[in-house]
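Contents: one structure, followed by commentary.
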Amino acid sequence: MATAKIGDVISFKREGKNLEGEVSAIRENSVMVQYGFSKEKGEPLITIVNHKNYKIKTSK
């Protein structure tokens, strides 16, 4: 299994939905992903995804 790099677009599941987002940080067991923008809060939507739970869509 390949590990994503910063800037890669990955697909993952969250709350039963298939989502895509861009990797913004890498940790030993997971990646931090920005996958949207909250208009109410005016902030990006960010989540942590374990390396086992995503697939790389596009790589930089």
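If you're wondering where the values come from, they're calculated on a predicted model, not measured in any experiment.
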| Are Tyr54 and Ile6 in one and the same hydrophobic cluster, where Ile, Leu, Val, Met, Phe, Trp and Tyr link if side-chain heavy atoms are under 4.5 Å apart? | yes
| request: Go through the steps to decide whether Leu45 and Phe37 satisfy the test side chain to side chain contact (heavy atoms under 4.5 Å, CB included), and finish with yes or no. | output: CA-CA 5 Å; Leu45 298 173; Phe37 192 81; 5.8 Å; no
| What heavy-atom pair brings Ile26 and Ala4 nearest, and what distance separates the two atoms? | CD1-O, 3.3 Å
| query | What distance separates Ile46 CD1 from Ser24 OG, expressed to the nearest 0.5 Å? | reply | 5.5 Å
| Is it true that Phe12 and Met32 fall in one hydrophobic cluster, defined by side-chain heavy atoms closer than 4.5 Å? | no
| said: In the structure I gave you, are the side-chain heavy atoms of Glu20 and Thr58 within less than 4.5 Å of one another anywhere? | reply: no
| field | With sequence neighbours excluded, residues passing side-chain hydrogen bond (donor to acceptor under 3.5 Å, both in side chains) with Lys5 | value | Ser59
| Heavy-atom closest pair, residues Val49 and Asn53 | CG1-O, 3.7 Å
| request: Provide the closest heavy-atom pair for Ala25 versus Arg27 in the form atom of the first, atom of the second, distance. | output: CB-NH1, 4.1 Å
| note | Here the gap from Lys57 atom NZ to Glu22 atom CD, rounded to the nearest 0.5 Å, amounts to 14.5 Å
| field | Distance-minimising heavy-atom pair for Ile56 and Ile10 | value | CA-CG2, 4.1 Å
